[in-house]
There are 2 protein chains.
Amino acid sequence: MQSRIPARRATGRPRSAAADAAILAATREALVELGWSKLTLVDVACRAGVAKTTLYRRWAGKNELVVDAVAELFDALRLPDRGSLAADVEGVVLQFAAILARPEARSGLMAVVAESTRDEALRDRIRASIVDRQKRLVLEGRSRAQARGELPAETDPEATARTVDLIFDVVAGAVVHRTLVSAEPADEEWVRGFTRVLLLGLAGAVGPA
Amino acid sequence: MQSRIPARRATGRPRSAAADAAILAATREALVELGWSKLTLVDVACRAGVAKTTLYRRWAGKNELVVDAVAELFDALRLPDRGSLAADVEGVVLQFAAILARPEARSGLMAVVAESTRDEALRDRIRASIVDRQKRLVLEGRSRAQARGELPAETDPEATARTVDLIFDVVAGAVVHRTLVSAEPADEEWVRGFTRVLLLGLAGAVGPA
DNA sequence: GCCCTTACGCTACGAGTCGTAGCGAAACCA
DNA sequence: TGGTTTCGCTACGACTCGTAGCGTAAGGGC
């Protein structure tokens, strides 16, 4: 969310918040039309109606800009109480799949993750802006299921953190792999099957059809 | 595996197979040292000891070259019979994690997947060279578990295909997300927890510790 | 309302990469 | 040996990058 290169003091002309929003929207628009590799900062600046130098004053480069532009997409995720753990999981996974079906998320997300393998600062930025922000969904669904008696209460906070991380990697990883690597839609049928495996396990899922 | 741009006839001077191997090895070497974004074909050609034009005669571009270079890494995956489904899963997941821990796989794989979101031909290439090639592991582990009586035999071939695809996305997706997005190691402890969830499901896994 | 500070738009620049074309020489098959 | 293709080399125009320098605009502190 923050613009990486901070304004230095509280005095002087403040940065235009409207420009910030226009730039991020223009970045997503360019991601849709051009994809990651053909996206240039000049093009984004032109679409946003600002000068190229304005971009460089706020973001260190293409990587950081796209992370911020993509991160906003995932803030739309919600976890309404649908009555059961299975229904909650299916609901949020379908939302996640819908976001990953959008071209600006598809081309942007994987690209910055790829770049982050050689850039520790970028990795931290992704973690803070995207990953950790959405772990709240796992935490909330989990405590809700515990309140319903669907999951046992865990006492050890360290074990809890490990479990939450694990669930997050399984859920997010499966959806991402399905939509981006296997390149097939995570539709309702697939989500039902996935939720079944997640809750019941391999043996329990294929058994009683 | 094939070089995308085929030699036209059986006559004339054949292409050097040694050059092919040298180029792919040089590509992996460059991926380690430079990463995806700073990798240039001139650099690869220089490392491999061939001319830049030779690269362009065999591969359409950087994307196709890196797919072939990375695909070879995953052919090392094996599925030895370790006596139980859980042990088999743990074994192959640890191998997969070890490959994804190598920098040439980390930076290369995600980058080409990102590019493939806007390039259908590249997507097909990845699917053929990497994804479908490794689905054999799921098929083999599954039939082995069925022979042991750990999994029920499925009769409908269409349902079987769906299940295999689902399992593959869950396993591969979870490991990829853990190592590349969460950027934490998929070590033995994590793999044990993951296998537990995969086989027993969420409720069964956190219950009997 | 004035001055100080900063953001902004614009232009220009050197450096680097891209993919292609054209050439002579070398290697292989029939 | 003749025909065919690959290979190494060089050069090329087009493009993108990130930065610097300038004059101007827009705020905040007093």
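Proteins come first, then strands; the chains are lettered A, B, ... in the order of their sequence lines, and each starts at number 1.
Nucleic acid contact class of B/Ser16 (heavy atoms, under 4.0 Å, all strands): sugar-phosphate only.
Look at B/Thr54 and you'll find a side-chain N or O under 4.0 angstrom from OP1 or OP2 of D/dG8. Under 4.0 angstrom from either OP1 or OP2 of D/dG8 there lies no side-chain N or O belonging to B/Arg57.
Of all heavy-atom pairs between A/Pro103 and A/Val32, the closest is CG-CG1, 4.0 Å.
More than 12 heavy atoms of other residues, nucleotides or ligands sit less than 6.0 Å from atom CD of A/Glu184.
Residue B/Arg15 places its side chain closer to D/dT6 than to any other of C/dA21, C/dG19, D/dT6. The A/Pro14 side chain lies nearest to D/dG27 when the options are D/dT6, C/dT20, D/dG27. Checking C/dC10, D/dC17, C/dG19 against every side-chain atom of A/Thr40, the shortest atom distance belongs to D/dC17.
Along DNA chain D, the nucleotide nearest A/Leu39 and the nucleotide nearest B/Thr53 are compared for position; the residue whose nucleotide lies closer to the 5' end is B/Thr53. Mapped onto DNA chain C by nearest heavy atom, B/Val42 and B/Arg13 fall at different nucleotides, with B/Val42 at the one closer to the 5' end.
In terms of modelled atom types and a separation under 3.5 Å, the side chain of B/Ser129 and the main chain of B/Ile126 share no donor-acceptor contact.
For A/Leu55 and C/dA7, the CG to P distance is 15 Å, given to the nearest whole Å. Whole-Å rounding puts the B/Trp36 CH2 to C/dT17 P distance at 16 Å. The distance between atom CG of A/Leu41 and atom C1' of D/dG18, rounded to the nearest whole Å, is 9 Å. Distance CZ (A/Arg58) to P (D/dG18): 18 Å, rounded to an integer number of Å. Atoms CD1 (A/Ile23) and P (C/dC8) sit 8 Å apart, rounded to a whole Å. What separates CH2 of A/Trp59 from C1' of D/dC17 is a distance of 18 Å, to the nearest Å. The distance between atom CG of A/Leu65 and atom P of D/dC17, rounded to the nearest whole Å, is 12 Å. Across the protein-nucleic acid pair, A/Asn63 atom CG and D/dC17 atom P stand 12 Å apart, rounded to whole Å.
A donor-acceptor contact under 3.5 Å is not formed by the side chain of B/Lys52 with the base of D/dG8.
Checking A/Ser37 against B/Glu115 by side-chain atom types alone, a donor-acceptor pair falls below 3.5 Å. Looking at A/Arg144 and A/Gln146, their side chains never bring a donor and an acceptor atom within 3.5 Å of each other.
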